[in-house]
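Beneath this line is the structure, given in structure tokens, with notes to follow.
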Amino acid sequence: MVAPALAAAAMAGCGGGVGDRDAPRDVAPLKGLDPQRFVGVAVQGGLLADHGYAQLVGSVFDAVTPENELKWDVTEPERGKFEFAKADGIVDFAREHGMRVRGHTLVWHNQNPQWLTHGSFSRTQLIAIMRDHIRAVMAHYKGRIGEWDVVNEAVDDTGKLRDTPWLRGIGPEYIPMAFRFAHEADPSAKLFYNDYGTERTGPKADGVYGLVQSLLAAKAPLDGVGFQTHVDAKPPPDYEATLRKFAALGVDVELTEVDVRVPDGSGAAALRAQAEQYARLVAGCRAVARCRGIVVWGLDDKDSWVPAAYRGFGDATLFDADLKPKPAYDAVRKALMGG
Ligand code: XIL
């Protein structure tokens, strides 16, 4: 696993020029194929100026997640000064196209502004900072963003609570506190804990499971668990059983950031293996009644974070760089229709 912090640093501020691509006209949509589940895509606001990109996002999917625009460094670049223009662009696009929005994310250790990471705040101050941020962001989107990743990646790869400024500054209570602040800010929003590497058995999934159990025991207002699902083409061990085990705690589960990376320079066989993996991920979600949605992390291979985050890998999404659907696209369609 490549450290997400490095990836974030590598990609921060990048974006390049927005091209203007043509999307193929005959792409059969994914939305509505499974009436029980939404199918979403992570969107970069700047790319909505690319007609082909915007057309595919708006016609194929029924949900969007702003890929970076709701992260703290964008929404509160200076203490108490909130900036919503970038995320508003995506949320407006979603409304115009009848799409739902996942809010990502309120409390995380990455993509935070300098003032927050380099300030020396007391515990009381940090709690107030977290509360004010959650309140301001959620109040702005009340009624327009139906669900939020309130806390992201709070568990490390060994299953312990991750050593973050939040844990150091507030203590483990920062997590239930964040959920309570979020519930106060928008009582009708669905509140998620979101993490990676949880879609398979192992110490990470055990750690997240324990955290979710303790949140529920403490009556924290937690509605769901997001499984990021950044994977390669190998079947994740006990994937469906893991989703089921979390759902049995009485929470919804969603695949929130799916991508399936393949080694650079691989050919048709790798794209078939990728398609099978996508189909497996969709089928596993469909097999679990409380698995309510699937979001792909990036529309197409040109705009995916994978090449920057996982050296030597790429081509992880459903569309190629020319916006043509890949074998994985048809596999997802078929899987959504039942097999
Ligand atoms: C990634 C974005 O895709 C990149 O554009 C950005 O540079 C770094 O963050 N887990 C998460 C997401 O929860 O927010 C990350 O998104 C990918 C890993």
Side-chain angles (χ1 to χ4, degrees), residues 1-18 40-48 50 53 57 63-77 86-87 89-90 101-113 117 137 145 147-157 162 164 166 175 178 191-200 204-205 208 211 224-232 236 253-261 293-311 313-319:
M1 174 73 208
V2 178
L6 287 178
M11 295 195 72
C14 104
V18 177
V41 61
V43 161
Q44 296 173 27
L47 294 175
L48 290 172
D50 175 337
Y53 181 96
V57 169
V64 292
T65 305
E67 187 169 338
N68 292 299
E69 290 80 353
L70 286 170
K71 293 173 183 173
W72 202 309
D73 58 352
V74 179
T75 53
E76 195 181 0
K86 289 192 173 134
I90 299 177
V101 184
R102 292 198 88 255
H104 174 81
T105 178
L106 294 164
V107 180
W108 192 24
H109 60 280
N110 278 336
Q111 292 177 270
N112 287 319
T117 47
V137 177
I145 295 188
E147 59 187 80
W148 283 95
D149 290 332
V150 176
V151 176
N152 196 34
E153 302 181 349
V155 174
D156 71 18
D157 295 354
R162 183 185 296 276
T164 69
W166 300 113
I175 302 174
L191 306 181
F192 279 73
Y193 175 77
N194 192 55
D195 214 326
Y196 68 86
T198 319
E199 64 288 331
R200 51 180 297 160
K204 178 69 183 267
V208 173
L211 172 63
V225 176
F227 294 74
Q228 292 184 10
T229 322
H230 298 289
V231 294
D232 60 22
V253 298
E254 291 178 2
L255 308 186
T256 52
E257 304 183 14
V258 180
D259 46 37
V260 180
R261 58 188 178 273
I294 300 159
V295 180
V296 181
W297 203 245
L299 178 71
D300 65 275
D301 291 343
K302 179 163 176 270
D303 304 307
S304 156
W305 80 305
V306 167
Y310 300 86
R311 201 124 307 160
F313 289 85
D315 291 350
T317 74
L318 300 178
F319 292 88

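Just so you know, ligand 1 is whichever comes first in the structure, and atom 1 is the first atom listed for that ligand.
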Fill in: Residue of the set Y310, W297, W305 for which side chain to side chain donor-acceptor pair (under 3.5 Å) holds with D259
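Testing D259 for a side chain to side chain donor-acceptor pair (under 3.5 Å) against Y310, W297, W305 leaves exactly one candidate, W305.
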Item to complete: Could you check N152, T229, D157 and say which one makes a side chain to side chain donor-acceptor pair (under 3.5 Å) with Y196?
Response: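 Of the listed options, the one satisfying the test is D157.
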Fill in: Between N68 and Q111, a side-chain donor and acceptor under 3.5 Å
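Indeed, the side chains of N68 and Q111 share at least one donor-acceptor pair under 3.5 Å.
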Discussion item. Give the atom numbers and elements of ligand 1 that come within less than 4.0 Å of a heavy atom of W108.
Written reply: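 Heavy-atom distances to W108 below 4.0 Å select 14 (O).
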Discussion item. At less than 4.0 angstrom from any non-hydrogen atom of N152, what atoms of ligand 1 do you find?
Written reply: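 Checking each atom against N152, I get 11 (C), 13 (O).
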Discussion item. If the contact criterion is a heavy-atom separation under 4.0 Å, does Q44 count as touching ligand 1?
Written reply: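 Heavy atoms of Q44 never come under 4.0 Å of ligand 1.
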Worksheet item: Counting heavy atoms only, which part of N68 comes closer than 4.0 Å to ligand 1: side chain, backbone, both or neither?
Response: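 Only the side chain of N68 comes within reach of ligand 1.
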Fill in: Identity of the nearest option to atom 15 (C) of ligand 1, non-hydrogen atoms only, from Q111, E67, K71, Q228
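Selected option, by shortest heavy-atom distance: K71.
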Worksheet item: Does R261 have any side-chain hydrogen bond (donor to acceptor under 3.5 Å, both in side chains) partners at least two apart in sequence or in another chain, and if so, which?
Response: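 Testing R261 for side-chain hydrogen bond (donor to acceptor under 3.5 Å, both in side chains), a comparison that skips the adjacent residues, returns none.
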Fill in: Test item: R162 side-chain N/O and E153 main-chain N/O as donor-acceptor pair under 3.5 Å
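Between the backbone of E153 and the side chain of R162 there is a qualifying donor-acceptor contact (under 3.5 Å).
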